Engineer: 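This structure is in structure tokens; I'll ask about it shortly.
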Amino acid sequence: MGKESIGITVSKKSDFSEWYTQVVLKAKLADYAPVKGLIVLRPDGYSIWESLKYTFDKKFGQNGIRNGFLPVLIPESLLGKEKKHFAGFNPEVFWVTHSGENEVGDRLALRPTSETLAYTLYSKWIKSWRDLPLKINFWNTALRAEIKATKPFLRTSEFLWQEGHTVHATQEEAEKEVFKILAIYKNTVEEELAIPVIIGKKSEKEKFVGAVYTTTMESVMPDGKALQMGTSHFLGQNFSKPFDVKFADKDNIEHFAWQTSWGVSWRLIGAMIMVHGDDKGLVLPPKVAPTQIVIVPIYNSEEDKKQTLQKAEDIKKQLELKMMRVHIDDRSEISPGYKFNDWEMKGVPLRIEIGPKDIQKQKVVLAKRYNKEKIDLSFDKIEKIGQILNEIQSKMLETARKQADLNTFDIFDFSEFKEKIGKGGFFNANWCGKQDCEDKIKDETGADIRVIPLGNKNKVGKCIYCNEPSTIVPIFARGY
RNA sequence: GGGAUCGUCGUCUAGCUUGGUAUGAUACUAGUCUGGGGGACUAGUGGUCGCAGGUUCAAAUCCUGCCGGUCCCA
């Protein structure tokens with residue numbers, strides 16, 4: 001196997017789909033499981049997830065949300081209680097029909113989502129207005145059988161996610177919660193993963209089955225397709241009624257509660273790979289990188305080796321004191337060049353090269369992954385590395401934002417829309433609000449309404465399809 | 001939902017048309033030399049050819065079914 005097949009063998013531009021799969025496998029984030037549509041997370045992949053979980057937990061906690069845990073099996077009778085909800089999920093539910101040799105009475109679903117189970121419990125737990133609000137988040141996996149072609153992190157039959165479920169005494173408070181969560185999602189994804197997103201509402205057609213409305217966070221990927229990166233739903237009383245989630249209010253009258261549910265999944269990792277990766281492999285934003293800095297010591301004689309490794313250790317300790325995640329690649333059997341390529345494929349944000357020549361000049365060579373820049377840094381400036389990592393983080397967001405802007409277009413003419421949609425992108429287009437037009441646009445272009453951005457009001461125009469007057473400007477795109 | 005294509009040591013692969021106990025590389029192990037962008041030489045380990053049937057004296061190769069991967073189009 002030559003150097004061609006150790007690294008990524010296709011370019012991101014010419015064969016995006018193949019490129020993506022290779023990066024996931026070769027950067028050792030994940031591998032395929034023996035069952036169709038399931039993947040295994042390897043330590044570097046799981047570490048990114050843990051980092052996101054840590055940040056979300058902190059922010060959820062500040063908002064009065066605590067974590068709980070729900071079982072994976074849901075009886076059919078429960079899952080079917082809210083009819084539209086059930087109809088929406090039924091085609092992709094995995095069913096457990098046997099325990100050992102015996103058939104189970106009520107079939108058991110492997111949870112596709114936990115609303116029905118959580119709310120059965122909530123109805124027991126909530127009696128009084130004093131029990132509200134109830135805000136619990138669950139970190140778990142959900143199972144939805146994917147018949148179509150699967151893709152690691154983006155479309156798998158089981159995925160890691162968090163699902164939050166809150167209950168409130170008033171509609172106003174519940175709706176406020178929906179948007180608070182959406183804001184947490186947006187700022188976390190932008191600050192941690194350096195991916196710019198657009199938040200807003202889904203159309204009636206695209207909303208979560210069972211919700212009153214769905215808010216969403218969407219981003220345009222480098223191949224021009226849209227990726228839904230998280231949703232926060234206002235459930236109204238649609239579930240509290242069938243599940244009997246009610247409480248005695250201060251007026252001593254029983255009321256049905258108002259509810260929300262919301263989630264993000266490991267799709268966020270998929271988005272990060274697509275947005276930042278390049279032809280050499282993965283590029284990790286420093287904040288979520290399992291290893292932020294790799295030190296490659298270079299030496300030949302035994303004496304040089306000792307001296308170089310010693311200095312590398314010193315630098316490592318110095319950086320670790322500042323809470324940076326550092327690794328020294330002291331593998332002796334492979335050459336420095338191999339290591340450079342290896343760590344670049346794995347996306348480590350910064351590389352420090354140090355050898356006898358550097359020690360003589362009291363400096364190291366610092367290589368930045370995201371723009372391939374190499375600079376000299378003297379020993380007494382080592383502590384500046386923290387600052388450099390922060391700069392990289394913000395530059396990456398900036399670059400991603402420019403990329404997204406280049407993939408976003410205002411469009412006023414339907415035939416022009418049909419022509420341009422082939423190349424992908426986000427299209428801002430006026431829409432009359434009728435589902436009929438939405439359906440026909442989808443039929444003729446393959447694009448659907450990804451998001452109706454917040455604060456988009458009174459932009460007077462004509463519906464791109466039927467030419468009726470319109471004040472709504474959703475983003476149309478083909479999605480993942 | 002429709003179409004195409006693939007599955008052989010850890011990885012990539014030759015062999016399949018025309019059946020006869022599997023080729024090479026890389027990785028791995030050991031040693032020597034090397035070391036600032038995917039090193040060199042020598043020796044060694046590793047595969048019941050995705051799974052299950054069938055045809056045959058004989059199946060990686062032919063037939064049937066299944067499982068899994070990848071890509072393209074709705």
Side-chain angles (χ1 to χ4, degrees), chain A residues 1-12 14-28 30-40 42 91-92 145-158 223-225 279-281 294-309 311-312 329-346 348 351-361 363-369 372-377 418 421-424 439-448 478-480:
Chain A
M1 188 159 52
K3 77 182 229 187
E4 287 307 312
S5 49
I6 300 173
I8 310 298
T9 60
V10 295
S11 79
K12 185 177 182 182
S14 68
D15 193 349
F16 189 76
S17 189
E18 171 68 19
W19 169 87
Y20 175 83
T21 306
Q22 284 195 19
V23 172
V24 170
L25 297 178
K26 292 186 175 180
K28 299 187 179 169
D31 204 348
Y32 292 105
V35 179
K36 179 184 171 62
L38 302 186
I39 61 169
V40 176
R42 305 181 69 172
E92 43 193 28
E146 285 292 349
I147 314 296
K148 297 178 188 178
T150 55
K151 194 147 270 299
F153 296 119
L154 300 177
R155 193 184 292 135
T156 49
S157 290
E158 182 183 25
D223 63 346
K225 283 195 201 168
D279 288 352
K280 301 221 81 180
V294 64
I295 303 178
V296 179
I298 298 158
Y299 45 78
N300 37 51
S301 73
E302 271 304 306
E303 195 186 325
D304 283 348
K305 176 178 176 179
K306 204 173 157 194
Q307 185 195 12
T308 306
L309 282 176
K311 192 65 206 176
D329 187 350
D330 60 358
R331 290 176 290 178
S332 59
E333 65 281 5
I334 50 180
S335 67
Y338 188 96
K339 291 176 185 176
F340 297 166
N341 286 287
D342 196 34
W343 291 107
E344 278 165 6
M345 189 156 69
K346 295 174 105 172
V348 173
R351 179 179 71 240
I352 292 175
E353 303 168 18
I354 179 162
K357 289 184 226 163
D358 303 297
I359 293 175
Q360 217 167 44
K361 294 182 196 154
K363 56 101 178 166
V364 297
V365 175
L366 193 67
K368 298 180 190 173
R369 175 64 182 92
K372 301 190 178 75
E373 190 189 359
K374 260 188 178 192
I375 56 170
D376 283 347
L377 190 73
K418 279 206 280 195
I421 189 71
K423 283 189 189 153
D439 286 339
K440 283 177 176 147
I441 292 168
K442 167 89 179 171
D443 280 350
E444 293 182 37
T445 64
D448 44 31
R478 288 180 182 167
Y480 264 94

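Chain letters run A, B, ... following the sequence lines, proteins first and then strands; every chain starts at 1. The structure displayed is predicted, hence computed values, not measured ones.
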Engineer: Using both distances under 3.5 Å as the test, list the Watson-Crick or G-U wobble partner of G38(B), or none.
Structural biologist: none

Engineer: Determine the Euclidean distance between corresponding C1' atoms of C57(B) and A52(B); express it in Å to zero decimal places.
Structural biologist: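 Roughly 23 Å separates the two C1' atoms.
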
Engineer: Check this for me: does the side-chain of Lys374(A) come within 3.5 Å of the base of G37(B) through a donor and an acceptor?
Structural biologist: yes

Engineer: So what does Lys339(A) touch, heavy atoms closer than 4.0 Å: a base, only the sugar-phosphate, or nothing?
Structural biologist: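 Lys339(A): no heavy atom of the nucleic acid under 4.0 Å.
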
Engineer: In whole Å, measure the gap between the P atoms of U17(B) and G36(B) for me.
Structural biologist: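 Each nucleotide's P atom is 48 Å from the other's.
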
Engineer: Please enumerate all protein N or O atoms sitting under 3.5 Å from an N or O of nucleotides 39-47 of chain B, with distances to 0.1 Å.
Structural biologist:
| unit_1 | atom_1 | unit_2 | atom_2 | d |
| --- | --- | --- | --- | --- |
| G39(B) | OP2 | Ser335(A) | OG | 3.2 |

Engineer: For Lys372(A), which contact category applies under a 4.0 Å heavy-atom criterion: base, sugar-phosphate, or nothing?
Structural biologist: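 It contacts nothing in the nucleic acid.
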
Engineer: Considering every strand shown, what is the Watson-Crick or G-U wobble mate of U26(B) when both distances are under 3.5 Å?
Structural biologist: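 Base partner found: G10(B).
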
Engineer: Can you tell me the Watson-Crick or wobble partner of A60(B), both distances under 3.5 angstrom?
Structural biologist: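 Pairing partner, where one exists within any strand: none, as none qualifies.
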
Engineer: Report the distance from atom CD1 of Ile8(A) to atom C1' of U11(B), rounded to the nearest whole Å.
Structural biologist: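 Whole-Å distance recorded here is 14 Å.
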
Engineer: With both distances under 3.5 Å as the test, what is the Watson-Crick or G-U wobble partner of U18(B)?
Structural biologist: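 U18(B) is paired with nothing.
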
Engineer: Could you let me know what A74(B) is paired to, Watson-Crick or G-U wobble, both distances under 3.5 Å, or none if it's on its own?
Structural biologist: none

Engineer: Using the 3.5 Å cut-off, write out each protein N or O paired with an N or O of nucleotides 65-69 of chain B and the distance between them.
Structural biologist:
| unit_1 | atom_1 | unit_2 | atom_2 | d |
| --- | --- | --- | --- | --- |
| G68(B) | OP1 | Lys36(A) | N | 3.4 |
| G69(B) | OP1 | Gly37(A) | N | 2.9 |
| G69(B) | OP2 | Lys36(A) | NZ | 3.3 |
| G69(B) | O3' | Tyr32(A) | OH | 3.3 |

Engineer: Taking atom types as modelled, find out whether Glu303(A) and Gln307(A) have a side-chain donor-acceptor pair closer than 3.5 angstrom.
Structural biologist: no

Engineer: How would you list, by chain and number, every residue that makes a ring-ring contact (aromatic ring centres under 6.0 Å, His included) with Tyr299(A), sequence neighbours excluded?
Structural biologist: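 Checked Tyr299(A) against ring-ring contact (aromatic ring centres under 6.0 Å, His included); zero matches.
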
